[in-house]
Protein chains: 2
Amino acid sequence: MFKIDEVAKETGLTKRTIRYYEEIGLMPTPERSDGGTRLYTQEHIHHLQRVISARDVLGFSLQEIQDYMLYAQELTGHRELYPQLRDPKQQLTKLREMDQALEAQLRTLDEKASKILAMKQELEQFRERVTTGITRLETEEKES
Amino acid sequence: MFKIDEVAKETGLTKRTIRYYEEIGLMPTPERSDGGTRLYTQEHIHHLQRVISARDVLGFSLQEIQDYMLYAQELTGHRELYPQLRDPKQQLTKLREMDQALEAQLRTLDEKASKILAMKQELEQFRERVTTGITRLETEEKES
DNA sequence: TCTAACGTTGACGTCAACGTTAATATGATG
DNA sequence: CATCATATTAACGTTGACGTCAACGTTAGA
């Protein structure tokens, strides 16, 4: 069980940000001590690290990340979905919704990946020109 | 020569955003008519499209995009860099700086690409589980 | 040339994503 | 058990990235 300062050091987030993420529902609410101090588990830390990854690396808004995490949680940790809690018709509808959403998210990821590739190629071209420029200047320097 | 509304329609940005990007130095200042109306070229549109790409797809801050665009401009459009405007020593120093910066940017891009891949794989796993769930429910439905 | 449609510059408004401060309670340690 | 580092909530402040509105000038077409 970790207190918030420990979690902050593990994740690199500030304590404020951690509480904020809980506030907006981006994180499962941790347990509390008798006095009210938040007590986090390793799971919480993992969760936060994935949130950070999605936020920093992909530039998703916290809202988008929340949508993504929703599915992730339903399918991994708490699988209260698969055991038929309800009418199978409703199950089917929900699963189809999830399928649609997942497909959409995969498409945006593909888009991003291809654009990243394009930027990479551009930067690599730039870099080639720079390195040839450097070597040219270096040889000129030696010749003088 | 395009006026701002045309550029807005081409790029999907609002006029406000276009002026804002100019204001913060994210775009080369366009020419003006005698009356003061901004007159854009095709180049400006291309530039904006690349900015949009970097912003939307990578979630860079406008400041980061500005840094990126700085090098891009120095190396493509206005190649006032290569003709030795100055002392070759200074040239060399500058080129080395650029090389460092480009390398760093390439590293961050690689990082992003690999994280995107990881997310993709996760989502694909989720999707498999969902689709198997769907087919199972569908066959159960037919059997009843 | 007149006018409707579009352009320009302030200036203030807004929303997300936190930072900061204050006032107060909690928890570990000698 | 005293105390000092941490914790909590509540509230307001800030920054980036624009939206919106007002007051006014410009342009193009009838």
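Note that the coordinates shown come from a computational prediction; the quantities given were computed from them, not determined experimentally. Here is how names work: the chains are called A, B, and so on, in the same order as the sequence lines, proteins then strands, and each is numbered from 1.
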**Student:** What is the distance from CE of B:Met27 to P of D:dA17, rounded to the nearest Å?
**Tutor:** 15 Å
**Student:** How close or far is atom C1' of D:dA17 from atom CD1 of B:Ile65, stated in whole angstroms?
**Tutor:** 11 Å
**Student:** Is there a salt bridge (charged side-chain N to carboxylate O under 4.0 Å, His left out) between B:Arg107 and B:Glu103? Walk through the geometry before answering.
**Tutor:** CA-CA 6 Å; B:Arg107 265 203 303 274; B:Glu103 200 194 327; 3.1 Å; yes
**Student:** Nearest whole Å is fine: how far is D:dG16 C1' from B:Leu26 CG?
**Tutor:** 12 Å
**Student:** Taking side chain to side chain donor-acceptor pair (under 3.5 Å) as the definition, give me every residue that meets it alongside A:Arg16, ordered by chain and number, with sequence neighbours left out.
**Tutor:** none
**Student:** Rounded off to whole Å, could you give me the CZ-to-C1' distance for the B:Arg32 and C:dG7 pair?
**Tutor:** 10 Å
**Student:** Does D:dA7 have its OP1 or OP2 closer than 4.0 Å to a side-chain nitrogen or oxygen of A:Arg38?
**Tutor:** no
**Student:** Which letters describe nucleotides 13-30 of chain C, given B = protein heavy atom under 4.0 Å from base, S = only from sugar-phosphate, - = neither?
**Tutor:** ----BBBB-----SS---
**Student:** Can you measure B:Asp5 atom CG to D:dT26 atom P for me and round it to whole angstrom units?
**Tutor:** 19 Å
**Student:** Under the rule for side-chain contact (heavy atoms from CB on, under 4.5 Å), what residues qualify as partners of B:Gln63, not counting sequence neighbours?
**Tutor:** B:Ser61, B:Gln66, B:Asp67
**Student:** Give the rounded distance in Å between these two atoms: CD of B:Glu6 and P of D:dT27.
**Tutor:** 17 Å
**Student:** Does A:Arg55 have any salt bridge (charged side-chain N to carboxylate O under 4.0 Å, His left out) partners at least two apart in sequence or in another chain, and if so, which?
**Tutor:** none
**Student:** Partners of A:Lys120 by side chain to side chain donor-acceptor pair (under 3.5 Å), sequence neighbours excluded?
**Tutor:** B:Asp110
**Student:** To the nearest angstrom, how far is B:Gln66 atom CD from D:dG16 atom P?
**Tutor:** 12 Å
**Student:** If hydrophobic residues (ILVMFWY) are linked whenever their side-chain heavy atoms come closer than 4.5 Å, directly or via other members, who joins B:Leu39 in its cluster?
**Tutor:** B:Met1
**Student:** Between atom CZ in A:Arg19 and atom P in D:dA10, what is the gap in whole Å?
**Tutor:** 12 Å
